[in-house]
Amino acid sequence: MTQSAKPVLRFAPSPTGMLHIGGARTALFNWLYARHTGGTFLLRIEDTDKERSTPEAVAAILNGMRWMGLDWDGREVFQAARAGRHQEVAQALLAAGRAYRCYATAEELTAMREEQKKAGQQMRYDGRWRDRDPREAPDGAPFVVRLRADTEGETIVHDQVLGDVRFANAQMDDMVLLRSDGSPTYMLAVVVDDFDMGITHVIRGADHLNNAGRQLQIINAMGWPVPVYGHLPLINGPDGAKLSKRHGALAVEAYRDMGYLPETMRNYLLRLGWSHGDDEIIPTAQAIEWFNLESIGKSAARMDFKKLDNLNGHYIRITADETLVAEAVAFLERENPPRILSDKARARLLAAMPGVKERAKTLLELIQGAEFLYTDGVRVLDEAAAKLLGPEARALLAAALPALEATDWCGPALEAAARAHAEAGGLKLGQVAQPLRAALTGKASSPPLFEMMASLGREESLIRLRAYTA
RNA sequence: GUUCCCAUCGUCUAGCGGUUAGGACGCGGCCCUCUCAAGGCUGAAACCGGGGUUCAAUUCCCCGUGGGAGCACCA
């Protein structure tokens, strides 16, 4: 197969904000398809809106992509830098009679729309300069360049996700290609860039579906090849309404800070709108192997944090202990002020990790649940732990201590000692274990007690236990 | 308003004319158990409504209803 026969995909965000969850999914699908087919995945920054585009947003998007593990091929393309080429195409269209100059003023157009709205019609440009002689325009008056779009027949978008979507040409107006200051509009820029970059597949959010019809008109006017389109249903918030900041339209970094793993995000976002039978756990390598355009769903999906949590718990559990320690350390160092773990603290965390990771849904939960491991000294009891350490329990703890002190400081031996002590006193293991747990961790629940005692070490454990023996 | 898209358990979805409508998350119960998880078993839970087409519609068509997106010299 030749290079040119392979698909060329692109992700084309506008740098007006963070990379949010919807954009991340669009990027993921493009990336997966490119990697699945052995094609190319390009990144184009659509920064033609000088007012709203910022370098910070560009950096945020790039960082978000990197965190998500979505690597793009080649250097990113900046759309604004290509304005000259866009104008060239507009001029070609003008020369070919496929575009014309429109001298209508902003006020004029606003008035036109007002009337259309009043009449209950669709608001669109009425083509008032389409066939008018440009010489009728006042000397030196500003003008925009508009496409001379077909007025009859229909434009059909052959969408891989939605099927054929038809637009009556009579419904579409002559869109602006070049603004009065000569700068290209998004509609023109997208088409020209996709063509120049050799894009074969345009996979993007369904909010662009209507644009596809209009862009097709430009493509046809230029006689360029039509890319394969695929419009992805949008992601809604948990309540079905548009995704807002409050319920998940957050920067992907926010998900990182909440303690979600990139692998989780890829798996979750993939399943939001794409399926492979009954499969739920789909690691990225498997996703690349399986991904296709046919299995993308048509309906909008909602963000479900419960499912995200469940999936994240799974990926945390299967992540290597060493990796998790590194993640936790990085997480703590990002805190304000940063918390730096000593070697001893790291060693304890690593030793205890098998038990710790079993019960964390996020990295945040993991570090919170493991705090007793990487901090020293007597515990401050939370409410539930305090209840477990009443006078009676403290006496019990004091009585059990000698038995523990006498054994080897390893999980099985400690457990055996505690069990023997409990049985001798006619108690159940839990009655002895709970006060121990409370004194050791400051909480009523924790990873397996005796393993934790072993991870903590004899000295540190005894300091904590003795503090609550009276 | 207008153009376009969508519609299976609460949520994500499987289904591609004939199924006891399946799985996952969440929820309930049981088991396991030093707590909490995890895990295993198990229960409740869905085809938006109305017309067609067909021997047969969740599935195909139309209408309605509901949700969403677009309608800029924004992208």
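Basis for what follows: all heavy atoms, side chains included, without hydrogens, waters or symmetry-related copies. Proteins come first, then strands; the chains are lettered A, B, ... in the order of their sequence lines, and each starts at number 1.
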Mind checking if [X] touches a base, just sugar-phosphate, or nothing, with heavy atoms under 4.0 Å?
X: A/Tyr268; value: nothing
X: A/Leu449; value: base
X: A/Val165; value: sugar-phosphate
X: A/Pro142; value: nothing
X: A/Glu358; value: base
X: A/Lys306; value: sugar-phosphate
X: A/Arg302; value: sugar-phosphate
X: A/Pro448; value: base
X: A/Ala104; value: base
X: A/Arg146; value: sugar-phosphate
X: A/Gly273; value: sugar-phosphate
X: A/His208; value: base
X: A/Met175; value: nothing
X: A/Ser299; value: sugar-phosphate

Any N or O donor-acceptor pair linking the side chain of [X] to the base of [N] at under 3.5 Å?
X: A/Asn211; N: B/A75; answer: yes
X: A/Thr185; N: B/C73; answer: no
X: A/Lys298; N: B/C6; answer: no
X: A/Asp207; N: B/G70; answer: no

Taking any strand in view, what nucleotide pairs with [N] in a Watson-Crick or G-U wobble way, both distances under 3.5 Å?
N: B/U20; value: none
N: B/A69; value: B/U3
N: B/G49; value: B/C63
N: B/A37; value: none
N: B/G26; value: none

> If we ignore angles and hydrogens, is there a donor and acceptor under 3.5 Å between the side chains of A/Asn312 and A/Thr264?
Replying inline: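 Yes, a side-chain donor-acceptor pair sits under 3.5 Å.
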>> Checking side-chain polar atoms at under 3.5 Å, does A/Arg394 have a donor or acceptor matched by the opposite partner on A/Thr469?
In response: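 There is no such pair between these side chains.
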From the set [options], return the single nucleotide nearest to any side-chain atom of [X].
X: A/Asn210; options: B/C34, B/U11, B/G70; result: B/G70
X: A/Ala433; options: B/G10, B/A7, B/C34; result: B/C34
X: A/Glu280; options: B/U11, B/C12, B/A37; result: B/C12
X: A/Asp304; options: B/U13, B/C25, B/U35; result: B/C25

> With ring centroids as reference points, do A/Tyr33 and A/His201 lie under 6.0 angstrom apart?
Replying inline: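 Ring centres of A/His201 and A/Tyr33 closer than 6.0 Å.
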>> Could you check, using the six-membered ring where one of them is a Trp, whether A/Tyr268 and A/Tyr260 have ring centers closer than 6.0 angstrom?
In response: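 So the answer is no for these two rings.
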>> Could you check whether any side-chain N or O of A/Asn30 sits under 3.5 Å from a backbone N or O of A/Thr26, counting only pairs where one atom can act as donor and the other as acceptor?
In response: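 Between the backbone of A/Thr26 and the side chain of A/Asn30 there is a qualifying donor-acceptor contact (under 3.5 Å).
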>> Would the distance check show the side chain of A/Lys357 and the main-chain N or O of A/Thr319 forming a donor-acceptor pair, the cut-off being under 3.5 Å?
In response: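 Looks like yes, one N/O pair under 3.5 Å.
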Hey, is the side chain of [X] poking within less than 4.0 Å of OP1 or OP2 on [N], counting only N and O atoms?
X: A/Thr48; N: B/A75; answer: yes
X: A/Arg419; N: B/C34; answer: yes
X: A/Ser275; N: B/A14; answer: yes
X: A/Arg317; N: B/G39; answer: yes
X: A/Arg166; N: B/U3; answer: no
X: A/Arg113; N: B/A72; answer: yes

>> Under 4.0 Å, heavy atom to any atom of RNA chain B: which of residues 436-445 of chain A qualify?
In response: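 Residues of residues 436-445 of chain A that come under 4.0 Å of RNA chain B are, in numerical order, A/Arg437, A/Ala444, A/Ser445.
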> Are A/Asp309 and A/Lys307 close enough that some pair of their side-chain heavy atoms sits under 4.5 Å apart?
Replying inline: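 Side-chain contact under 4.5 Å: no.
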>> Within 45 degrees of the ring normal and closer than 6.0 Å to the centroid, is that where the cationic atom of A/Arg25 sits relative to A/Phe29?
In response: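 Yes; both conditions hold, so A/Arg25 lies above the ring face of A/Phe29.
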> Which is it for A/Thr48 and A/Arg52 under the side-chain hydrogen bond (donor to acceptor under 3.5 Å, both in side chains) test, yes or no, and what are the steps along the way?
Replying inline: CA-CA 9 Å; A/Thr48 56; A/Arg52 299 194 300 152; over 6 Å; no
> Which residue pairs pass the ring-ring contact (aromatic ring centres under 6.0 Å, His included) test with at least one member in residues 100-127 of chain A, sequence neighbours excluded?
Replying inline: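 Residue pairs with at least one partner in residues 100-127 of chain A: A/Tyr103-A/Trp129, A/Tyr103-A/Phe143.
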